[in-house]
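First up is the structure itself, then whatever we jot down about it.
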Amino acid sequence: EPEFSQTPGVTKERLLEVYKRAYSVIRTADPQTKIIGPSTGNPYLPFMRAFLAYARDNNLRFDAISWHEFWSPELLPANIAYMNQLIAEHSLTTLSGTVPELHINEYAFASNHLIPGWSVGWLYYLNQNAKDLAWTSRSCWRLPTGTDWDDFDCLKWLDGLLTKSGQPSPLYWVHRAQAEISGSSTLLTESTSPRTVALAAKDNEGSISLLVGRYSCGKTGNWCRGGVEYQVDDTAGPSIPVTLQLTNLGSVETMEAKIVRVPNQNLFGALPQPIDEGTKTIPVANGIGTLTIPAFQDGDAYSITIKPKTT
């Protein structure tokens with residue numbers, strides 16, 4: 001995030017010269033090395049345009065253009081489209097003549113990056129736009145009581161998947177559920193609400209796995225404002241009913257759903273196991289089945305496994 005430098009005497013022009021000198025040294029030492037930049041705080045900052053123009057005018061052939069995503073997950077598609085437009089406007093190409101890759105080398109802000117529903121939101125929109133992104137990486141932040149680098153979750157705690165004592169956090173269970181469905185055949189999911197989303201996959205046995213999340217800014221908006229601290233306290237918005245509709249189920253008459261909830265604990269803490277919400281029977285008519293979660297809490301996530309019910 002060079003645009004936020006507060007070092008006396010460091011101007012935009014001097015920062016751009018640093019990129020040029022570094023580029024020249026790296027290319028001289030190893031012409032095949034991949035060079036990436038500028039890793040700005042967001043794609044809309046003036047420094048991004050200045051960097052792209054400088055790269056074009058000085059024939060700096062970057063292999064990827066990178067930035068950080070700290071806003072809301074549902075804004076990601078528009079931000080990617082904007083970056084593709086900027087690269088086209090500046091006619092940037094790599095040494096091999098291809099269009100530079102897009103890299104998001106930090107995503108998720110401190111105030112919400114441990115909330116399960118927010119994590120599902122990021123995973124959903126990153127997956128929806130995977131064809132445009134060559135690299136993505138979660139951000140990491142300081143523990144609530146941390147005072148030094150030893151208290152940053154990027155050094156020891158797998159970006160918040162584990163607590164400082166090594167116990168799983170709610171985030172661990174979200175990413176574990178996502179990993180367990182990623183090897184199956186991905187299913188298309190659509191939502192009537194951009195902040196209530198689901199990833200889905202189906203295996204060879206006809207079992208459907210869902211990872212569903214819901215997120216908001218919190219009652220006072222703190223989860224969207226954030227700050228430098230690890231996670232900002234707020235109160236979840238009201239719970240709402242969420243209905244999942246499953247289509248193209250064929251001749252199956254009844255399905256059974258095993259439901260596990262990953263709660264939004266608001267502030268950092270361990271979750272030894274997700275909460276078992278039991279099983280529900282889903283009647284199927286004309287290849288369509290519906291499952292309603294009557295009180296979907298703000299910030300929660302659900303891991304749901306649905307199988308044809310056997311008699």
Side-chain angles (χ1 to χ4, degrees), residues 112-124 127 157-187 189 191 193 195-216 231 235-246 249 252-284 289-311:
N112 56 55
H113 89 300
L114 292 181
I115 297 176
W118 275 85
S119 293
V120 175
W122 282 114
L123 292 171
Y124 172 80
N127 274 275
W157 325 121
L158 298 179
D159 291 0
L161 270 67
L162 302 177
T163 66
K164 197 169 183 178
S165 61
Q167 298 180 77
S169 73
L171 195 67
Y172 167 85
W173 299 109
V174 169
H175 282 261
R176 175 171 169 169
Q178 192 269 341
E180 288 174 346
I181 71 172
S182 62
S184 304
S185 176
T186 302
L187 300 177
T189 62
S191 177
S193 171
R195 289 185 169 182
T196 302
V197 294
L199 296 95
K202 187 176 183 179
D203 66 18
N204 294 332
E205 307 297 323
S207 176
I208 298 171
S209 298
L210 293 167
L211 178 59
V212 190
R214 176 174 172 251
Y215 62 97
S216 80
Q231 194 167 9
T235 304
S239 62
I240 61 171
V242 171
T243 297
L244 308 173
Q245 185 180 80
L246 311 172
L249 296 178
V252 176
E253 295 183 355
T254 309
M255 305 283 282
E256 187 172 69
K258 178 175 175 54
I259 304 169
V260 174
R261 182 168 69 94
V262 182
N264 173 19
Q265 298 182 158
N266 190 8
L267 294 178
F268 186 56
L271 181 67
Q273 290 289 332
I275 299 170
D276 187 348
E277 298 283 345
T279 59
K280 286 189 177 182
T281 298
I282 305 174
V284 178
T290 58
L291 171 65
T292 297
I293 299 171
F296 202 127
Q297 298 288 337
D298 182 16
D300 278 5
Y302 284 82
S303 176
I304 304 172
T305 304
I306 302 174
K307 299 180 178 181
K309 188 173 182 179
T310 57
T311 55

Reported NZ-to-OG distance for the pair Lys258 and Ser207, which is rounded to 0.5 angstrom: 12.0 Å

Thr254 OG1 to Ile282 CD1 distance, which is reported to the nearest 0.5 Å: 10.0 Å

Closest heavy-atom pair and its distance - Val212, Ala198: CG2-CB, 3.9 Å

Residue Glu253 excluded, over 12 heavy atoms near CD under 6.0 Å: no

Sole residue of Ile306, Ile275, Ile304, Thr279 in side-chain contact (heavy atoms from CB on, under 4.5 Å) with Ile259: Ile304

Thr292 versus Thr243, side-chain donor and acceptor atoms under 3.5 Å: yes

Qualifying salt bridge (charged side-chain N to carboxylate O under 4.0 Å, His left out) pairs with a residue from residues 165-177, counting only residues at least two apart or across chains: Arg176-Glu180

Leu158 vs Tyr172 side-chain heavy atoms within contact, under 4.5 Å: no

Closest heavy-atom pair and its distance - Ser119, His113: OG-O, 3.8 Å

More than 12 heavy atoms from other groups under 6.0 Å of NZ on Lys280: yes

pair Tyr302-Ile293: side-chain heavy atoms closer than 4.5 Å: yes

Residue pair Gly269 / Pro170: nearest heavy atoms and the distance that separates them: O-CD, 3.4 Å

Beyond-backbone contact of Leu199 with Asn127, side-chain heavy atoms, under 4.5 angstrom: yes

From Leu249 atom CG to Lys202 atom NZ, the distance as rounded to the nearest 0.5 Å: 7.0 Å

Side chain to side chain, Leu187 and Ile208, heavy atoms closer than 4.5 Å: yes

From CA spacing to verdict: side chain to side chain contact (heavy atoms under 4.5 Å, CB included), Gln297, Ile240: CA-CA 7 Å; Gln297 298 288 337; Ile240 61 171; over 6 Å; no

Distance (rounded to the nearest 0.5 Å) between Leu211 CG and Trp173 CH2: 13.5 Å

Shortest non-hydrogen separation from Asp203 to Glu205 and the atoms involved: OD1-N, 2.9 Å

Side-chain donor or acceptor of Ser185 paired with backbone N/O of Ala201 under 3.5 Å: no

Atom pair OG/CG of Ser303 and Leu210 - distance to nearest 0.5 Å: 8.5 Å

Check: Asn264 side chain, Asp298 main-chain N or O, donor-acceptor pair, under 3.5 Å: yes

Asp276 atom CG, over 12 foreign heavy atoms within 6.0 Å: yes

Heavy-atom side-chain contact between Leu123 and Val174 under 4.5 Å: yes

Modelled atom types, side-chain donor and acceptor of Thr281 and Lys309, under 3.5 Å: yes

No-hydrogen, no-angle side-chain donor-acceptor test under 3.5 Å, Ser165 and Thr163: yes

Salt bridge present between Arg261 and Asp300 (N-O < 4.0 angstrom): yes

Non-hydrogen atoms of Ile181 and Ala200 that approach each other most closely: CD1-N, 4.3 Å

Side chain proximity check, Val120 to Val197, heavy atoms < 4.5 angstrom: yes

Approximate separation, where rounding is to 0.5 Å, of Ile115 CD1 and Arg214 CZ: 12.0 Å

Student check: side-chain heavy atoms of Gln273 and Leu271 closer than 4.5 Å: no

